[in-house]
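Input: a single structure, listed below in structure tokens.
In what follows, every chain begins at residue 1, and chains take the letters A, B, ... in the order their sequences are listed. Quantities reported herein were computed from a predicted structural model and do not represent experimental measurements.
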2 protein chains.
Amino acid sequence: MQETSQADQVVITAPHRELLDQVLDKWSLQVLDKLCGRPSRFNELRREIPVVTQKSLTATLRRLERNGMVERVVVATRPIAVEYRITPLGTTLQDLIDALLRWSTANMADVERARARFDAEA
Amino acid sequence: MQETSQADQVVITAPHRELLDQVLDKWSLQVLDKLCGRPSRFNELRREIPVVTQKSLTATLRRLERNGMVERVVVATRPIAVEYRITPLGTTLQDLIDALLRWSTANMADVERARARFDAEA
DNA sequence: CAGGATCCATTTTGATACTG
DNA sequence: CAGTATCAAAATGGATCCTG
């Protein structure tokens, strides 16, 4: 086992920055988090993620689909049903998202103290 | 050793989403990545991060400072010198950022294939 | 149900100029 | 050097209406 916590000259180039931006933004994080649990329908996601508009949710799902993170499955019923599910590529992100949430949970108190201190100065 | 890859009912609440948004956005990721390596001056960061405007860099540094991720050290020379350095709280993010970069590096090829496929349909 | 199209308000960003 | 101030431009977000 080698140490992997040091950045072995990993650099944030434009393509990496762009990908992370498209996958870690406000809505994508929440959509991926939901879909890692189980597949969901469009309006189901809309109800569970407060409070995303249909426009933003559509845009987010399209971008995640384009990047290969989610799959759009159309069921030809009447009316139409569309299921969104995480892809194998998308699941590679799951541990990272969990790690981000754990980090946020573990450090939220410190962050709030820092904010209070900062706001008290001014 | 317990498994930690499953989300033990960790949920993205508004405060967590807000914090992650403020710390993982386009410019913050790059600033933190630089500062994890070594402290830097304002214009140094500006030169190394292509291509951030002075306005966006100022806003990013202020926000990171407010959240306790970076420290702003003013050296009273003439002209003034300001050094930004990562805080202990900020370093807790380092492994996560490294992990994000490694994920991006490892999966970029698959992502590009997915994009090509998506764009080819239309 | 799952969106597409449109219009408008609010944010965010960019470019420039200026300052202690 | 390390910013602040200002104005214009561009991206984003919300609200509403419409459709297969």
task = Check whether any side-chain heavy atom of B:Thr105 lies under 4.5 Å from a side-chain heavy atom of B:Arg102, and answer yes or no.
result =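 No, side chains not in contact.
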Distance in angstrom units between [X] [atom1] and [N] [atom2], rounded:
| X | N | atom1 | atom2 | result |
| --- | --- | --- | --- | --- |
| A:Asp21 | D:dA11 | CG | C1' | 14 Å |
| A:Phe42 | D:dT19 | CZ | C1' | 15 Å |
| B:Arg41 | D:dC1 | CZ | P | 7 Å |
| A:Lys26 | D:dG13 | NZ | P | 7 Å |

Donor-acceptor check, side chain of [X] to backbone of [Y], threshold 3.5 angstrom: yes or no?
| X | Y | result |
| --- | --- | --- |
| A:Ser28 | A:Gln22 | yes |
| B:Gln30 | B:Lys26 | yes |
| A:Ser104 | A:Leu100 | no |

ask   = For residues 76-87 of chain B, which residues have at least one heavy atom under 4.0 Å from DNA chain D?
value =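 Going residue by residue through residues 76-87 of chain B, the ones with a heavy atom under 4.0 Å of DNA chain D turn out to be B:Pro79, B:Ile80, B:Val82, B:Tyr84.
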message = If you compare all heavy atoms of B:Leu96 against all heavy atoms of A:Ala99, which two are closest, and at what distance to 0.1 Å?
response =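 Smallest heavy-atom distance, with atoms named: CD2-O, 3.9 Å.
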message = Expected output is a numbered-order residue list: members of residues 43-54 of chain B with a heavy atom under 4.0 Å from any atom of DNA chain C. What is it?
response =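 By residue number: B:Thr53, B:Gln54.
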request  = Under 4.0 Å from any atom of DNA chain C, heavy atoms only: list the residues of residues 55-69 of chain A that qualify, in numerical order.
outcome  =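 Output list: A:Lys55, A:Thr58, A:Arg62.
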ask   = Can we say A:Glu121 and B:Arg72 salt-bridge, meaning some charged N sits less than 4.0 Å from an Asp/Glu carboxylate O?
value =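 Looking at A:Glu121 and B:Arg72, the cut-off is not met.
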ask   = How far does CG of B:Leu45 sit from CD of B:Glu83, to the nearest 0.5 angstrom?
value =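 Here the rounded value is 10.0 Å.
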message = So, taking the atom named CG in B:Leu101 and the one named CG in B:Asp33, what distance separates them when rounded to the nearest 0.5 Å?
response =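 So the CG of B:Leu101 and the CG of B:Asp33 are separated by 5.5 Å.
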ask   = Step by step, would you call B:Leu29 with A:His16 a side-chain contact (heavy atoms from CB on, under 4.5 Å)?
value = CA-CA 11 Å; B:Leu29 266 188; A:His16 291 94; over 6 Å; no
